[in-house]
Undergrad: 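Below are the structure tokens for one structure; questions will follow.
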Amino acid sequence: MIAYLVNLATLVCINAILAITLNFIMGYAGIFSLAHAVFFGVGAYVAAFIALQWTDALLLQLPAAMLIAGTISAALALPALRVRGDYFVAASLGFQVLAATVFSEWKSVTGGIGGLVGIPPASIAGHAFSDPVQFLGLAGVTLALVVVLTRAIVRSSFGRSLKAIRDSESAALAFGKNVALIKTLSVFYSTAVCAVAGVLYADYLSFINVESFTIDASTLFMAMVIVGGIGTVWGPIVGAVLLTLLPAALTYLPFLPRTEIGSVQQMVYGLAMVLLMIFKPDGLMGAKRGEA
Amino acid sequence: MTDALISVDNLRVGYGGRVVLDDISLQIRKNEVLCLVGHNGAGKSTLMNALFGVVTRQGGEISVDGQRLHQPEPKKMAALGIGLVPEGRGIFPGLTVDEIFQLAMWATGVPQRERPERIEWVMSILPRIKTFHARRAGTLSGGQQQMVSIARALLSRPRCLLMDEPSIGLAPKLFQDLLQPIRQLQQQLGLSILLVEQNVKEAFKISDRVLVMRSGAIIHETSPEALADNKVLMQFY
Amino acid sequence: MLLLQLIINGIQVGALYGLTAVGFSLIFGATKIFHFAHGASFAISAYVFYYLYAVLLVWWPFAILAACILVVLFGVVLDRYVYGPIQSADGSFFTIFVGSFGVAVVIQNLIGTVFGRGFISVPSALSRSVETLPGLYVAPTAGIAVVTAVVCFVALQLFLGRTNIGIALRALSESPALVRTFGLNPKAVSTCAFALGSLLVVPAAVLTSMTSGLNAAIGGRVMLISVAATIVGGVGSLRGAACAGLLLGIAENLALWRFDPQWSEAVTFLILFAFIVLRPSGFFGRVVTS
Amino acid sequence: MWPLRKVAVLAFSMLVALAGRASAQDLRIGAIFPLSGANADYGDLYMGATELAVSHLNDTKALGGRLSIAYEDSQALPQQGVIAMNKLVNVEKVSYVLSAFTGVSKAISTTATRSRTVAVNGGGVGPDLAELGEYFWNVIPLANFEVRAMAPYLVRKRGLKRFVLVYVDDPLGQSIKRELESSLPSLGATLAEALSVSSNAQQFSGVAARVRDAKPDVVYIASFGAQQSQIIKQLRDNGVTQQLASYSGFAIPAIASLPEAKGALFTTQRIDWNSDDPVTRRFTREYQARTSRAPTAYAANYYNAVLLYGTLASTLQKAGLPITGENLLTKRREIGAFDLVGGRVTFEKDGTIRSAMQINEVAGEPAVVETVAVH
Amino acid sequence: MLQVSKAPGSPATLLEIANLTKSFDGVKAVEDVSLRLREGIITTLVGPNGAGKTTLFNLITGHLRPTSGDIRWQDESIVGTAPWKIARLGVARTFQDLRLFSHMTVFENVLTVMEKSAWFWQSEAGSGAERHQRVHEILEATGLQHNAGVRANDLAYAERKFLSMARIMATKAKMWLLDEPASGLDPRSYERFVTLLRGEVRRGITICIIEHNLEIVVSISDRISFLDQGRLLADGEPEEILGNPELSSIYFGERNS
């Protein structure tokens, strides 16, 4: 049982990092991306590729994954600078579908639909994190670092600039904010840290394939942020915890027919999204707001 | 007052906790032009929209012909003989003038068989519309658009017109050209008009009575002549 | 001949994409609601038709009629009880999008639970193609699809141009506030948009149930195509949505000429992505750059 | 606060569920099947067979306690499979897990090896399943055997020389493509075209045009579940009249009842449903009675997988050994041959059974048209 | 163009607009406007609604690109320069609809315009404490010191207008473009506003202001530019413009006719 909880806790940590980074661009930069799973995938594939081809050294996988994901984030920053709102959502959607196709087709790197099997556990300075409890420690520490770093950025002058752009882009421009650069950097940060979650994921599960990085995953991450509360500190974490535990919890409900658990789980979170948007659009942790 | 067409008592309107109109009382009398002046943000447009039921009031009473209205709604107000010429153009740029008229008559429930006759009547009042009635409203000049907007309001054969800043975006000359017909129309049809206007000097020329608004309240009621002489009040716009 | 065949396939597929996209575009243009559950409407009407026609053996016009009624009901209920409350409470595009997305997820799984997640198709001789030219196979459904699409589109244009409700719909897309000033209830007009837009998925749903068949997840794909076509065509332009739907159908099939079939979906989204980055206003749309 | 309360409720429900666990001598094995999603058809099929096997084992009281199966839903997705596998290994503490689908099986194999849990596949046929370590067993002959049986039959018996392959680009599809590429030339046949489709594609009219354009004698389809039906229907609708062929993926009711699939050929392992041996007879009779379906190779495989566990576990119990993955593996190697549905089977070194193949034709219900010996 | 006065050469020209035209779909919002904004004085743009005053501001700050013509800041053309760069050159503005950073606090609203950091660190010299000190000074000057922690959205109307001013005061801009900054203010707030503005002008800020209120126009303008229908009708000293019967008839209506 402990081992099972450790397993869930590790997944919660990874999902929380994803939700926090997505919240960073959604809540503070106003960039509503449906392509977050792409960067999660890039991180995972880079880590897996490096681990399988060269080394299991985490401290080498991390910067490589972050850099590559950050570079690819230009594909998201580009439409983010051009369009907003529904258009950007659609653009990110398009990007997500394209990327998923590449993930499943570029077999020499990603292993296609079959994925990459037998990824060795990550190691730091020769110490391999093969014990699940140790890995949970690693994931927990990483999550803590991400929380602290993201909070620091949100509260820094950069974070203020970001929020200023979200609230009024034209006013931010008029007060000398380099909107294009700030948006690009925020997307870079978000995706690079998102890739960290991908690295942890690949090293932890020791198997990855494209199914984990599709539009379904992107929407799940988005649901985490929304359920928890966009633009709040604890919202994404709460969302990640709830939505990660939901499927696990549902399997314990004795009255559900086995064949319907997947559906019920999906329906529960679909319904939760609808009801939340009607009754509490700011999410569970969202502050009471005045007029919009 | 017996000759009040519309009376408003203690009207209150607010958005999200912010009070926009506070305790407004006024009367629009039969056959008068009442001019409402005040700064941007004083609440003139909100008052008009509240009167017409576009904006929901939070308190107070609105009566027409002495009958209290439970909840004013644009359609009901039109049926009671009140027309709104809204701020801006009050036209749909993508629709033709004919379509705008058709939509307006349908929306206010003018019976099908009366519609051609109404249009004819309006065209006889504003004959210039005949020259551009098939065009898309967005392609018309500002003055023409304003004319369409007024004509549209007239289609419901109102006894009272609420006009919100008809001068916006019009060349002053055009505005002058517009005001005289409005005055004639008013006299000819026995209309009441509530006119919100920034261009007070022009507006005063056709006004019978003036209300001055500031910060959501009516602070002064006077005649146009008296106001023009009142230096203290004049400086507020 | 392969090329010609692919183009004809593309036209058939594209005609149906166009119709669905026009429905979405109509709703989006008039109400500004990003109706992500439009795909769910498609799935609902298709499954209702399937169930009545192929399982209960109801006469086909009745089956189609029932599909129409249910899908309109779905759209109207959604507008009234989901989007309406969201709009009056918050109303940001994103909140509506998420709510709509949730509805789509629920419907997809509901259909899966009720009708099963397997493949379903309505047996019909109409989908069986015949060799019209040597090597060129065309099914009656292709003709029906094109004719239906053209008829629906022309009827829609006439409706929007000639009827009071049609004019009101166009007016709503320009200014909801002014619609209210005119004495109409914008919510009622918006409900009409939902009814009409939802109705437009029925022909495509019925034809798809005969040609490529259905599964519970079909709504998602339909939705993606509709979004892509709406944006490529230009938001607010029904003509654009129709043309773009056709273009995407043809492009998807033409991609087969030189590429592996598994890339054909990517082609759609490549076009979408390129349009958003290079020409966000689409073919005929208004300028939307920030 | 609402979220906290919700978490508390969830935690409580977990504890309640845990408290209700069965007593110690009862036996539990795991199963990771696609119970929802597009491939739920298969899970349904497998479950019918495993439940039957459990009731048979419990009826005979061959085991010290009652046997039960903990089912987990993989949705045929690798990630879900890994999560399910972790749960089965860590929470349910099972030593024997039934697995299905090539992708899922590959994904869980690492956990199987690391935790020394036996994973048994009775449905996935990707040839790489043979190489997933000693704890990964296959009670189904893999696809390379299927192609090796089908290709010569089509070429020699039917005289079909030009092949076109429509395949999902996953490990299974790729291995079938490799197998065709390597085996056809030696038979004097050619693989004229191989068209890969994405696993969620639904439109195949264009693919049909490409297929026709390649002028095949036979079209080999390597896909899954619902998509197979869509491919068949759209190929037939769009003027592809040639012979269709496939692997054991066609052995599902949905294909049998699809009018367009009539006449298609597919391979399965050889099972003589009319055999006299008691195991097969009992299975055939009761499976039909219970599910009102004709038995299929898949059903037999998963039935066999459970039966295999029963045999191994009861042997271990008699020897007084704990039932662990390690011991199960040792015992399987010791015993070597087992009496299962379809007759006596033996395992290859790599943990895969060796079996004769048969070629079936879809004709309302599958009809056997040919049996092919192991080679 | 109606030439009211010969340009007096005294103060240096900070910003020069030459033959500027901007058309939207063929409609000319600004047509052939040439104008000099001189250092250290207040220039008022007057004219009826829709005369193109705000469009002119948007052209200067780079939010819109002119169809033709030139804008020169200290003799350098700034046409085509990004708005944020123009802002850093020293042109700051307010908006008619304020465009406050509505979900941020009053304090943050002011603080963020002092910060130029686009990178994750603060690139400007000066310590955080100094900046905080400066923000407090500005909030005090604008009477917002008690609202420092309030979100801009939750402020009353007049307070929002002052926040808009506080924001522009926090910049180091030489020139302020103010779009109807006093409209809708009650008399007391309005007094405070005029005092504030006068103080800033004394500090050497060059101001261009769009204003309808005749009182303000008369009391603060050093020069008045009169726009109508996108064209500059007149440009000169207040007495000249206000004394011109033709102009005042356009804007203020004919007197006694």
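Just so we're clear, the structure is a prediction, and the values are computed from it rather than from any experiment. Every chain is numbered from 1 and lettered A, B, ... according to where its sequence line falls, protein lines coming before strand lines.
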Undergrad: How close do E/L100 and A/D167 get, counting heavy atoms only, and between which atoms?
TA: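 Shortest heavy-atom separation between E/L100 and A/D167 comes out as O-CB, 4.3 Å.
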Undergrad: With a 4.5 Å cut-off on side-chain heavy atoms, are E/H103 and A/K163 touching?
TA: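 Answer no - side chains too far apart.
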Undergrad: Which pair of non-hydrogen atoms, one from E/A87 and one from A/G176, has the smallest distance, and what is that distance?
TA: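 Taking E/A87 first and A/G176 second, the nearest heavy atoms are CB-N, 3.3 Å.
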Undergrad: Sequence neighbours excluded, which residues qualify as ring pair (Phe, Tyr, Trp, His ring centres under 6.0 Å) partners of E/F101?
TA: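 If we apply the ring pair (Phe, Tyr, Trp, His ring centres under 6.0 Å) test to E/F101, skipping adjacent residues, there are no hits.
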Undergrad: Determine the minimum heavy-atom distance between A/A174 and E/H63, stating which atoms define it.
TA: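 That closest heavy-atom pairing would be CB-CE1, 3.7 Å.
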Undergrad: Which pair of heavy atoms, one from E/M104 and one from A/R160, lies closest together, and at what distance?
TA: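 Shortest heavy-atom contact: CE-O, 3.4 Å.
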Undergrad: Without swapping roles, check the side chain of E/K85 against the backbone of A/N178 for a donor-acceptor pair under 3.5 Å.
TA: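 No: the side chain of E/K85 does not pair with the backbone of A/N178.
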Undergrad: With chain A as the partner, which of E/N109, E/T171, E/L111 has the greatest number of non-hydrogen pairs under 4.5 Å?
TA: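 Most heavy-atom pairs under 4.5 Å with chain A: E/L111.
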Undergrad: Measure the CD-OG distance between E/E115 and A/S157 for me, rounded to the nearest 0.5 Å.
TA: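 The CD atom of E/E115 sits 4.5 Å away from the OG atom of A/S157.
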Undergrad: Under 4.5 Å from any heavy atom of chain A, what part of E/T61 do you find: side chain, backbone, both or neither?
TA: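 It is neither, since no heavy atom gets under 4.5 Å.
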Undergrad: For the CZ atom on E/R198, are there more than 12 heavy atoms of other groups (residues, nucleotides or ligands in this structure) within a distance under 6.0 Å?
TA: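 Yes.
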Undergrad: Would you sort out whether E/T112 and A/S161 count as a side-chain contact (heavy atoms from CB on, under 4.5 Å), showing the intermediate values?
TA: CA-CA 6 Å; E/T112 192; A/S161 298; 4.2 Å; yes
Undergrad: Going by the rule side chain to side chain contact (heavy atoms under 4.5 Å, CB included), which residues pair with A/A57 if we only count those two or more places apart in sequence or in a different chain?
TA: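 Result, side chain to side chain contact (heavy atoms under 4.5 Å, CB included) vs A/A57: A/T55, A/L60.
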Undergrad: So, for E/R93 and A/F175, which heavy atoms are closest and what is the spacing to 0.1 Å?
TA: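 Closest heavy-atom pair between E/R93 and A/F175: O-CZ, 3.6 Å.
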Undergrad: For E/L89, is it the side chain, the backbone, both, or neither that has a heavy atom closer than 4.5 Å to a heavy atom of chain A?
TA: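 No part of it gets close to chain A.
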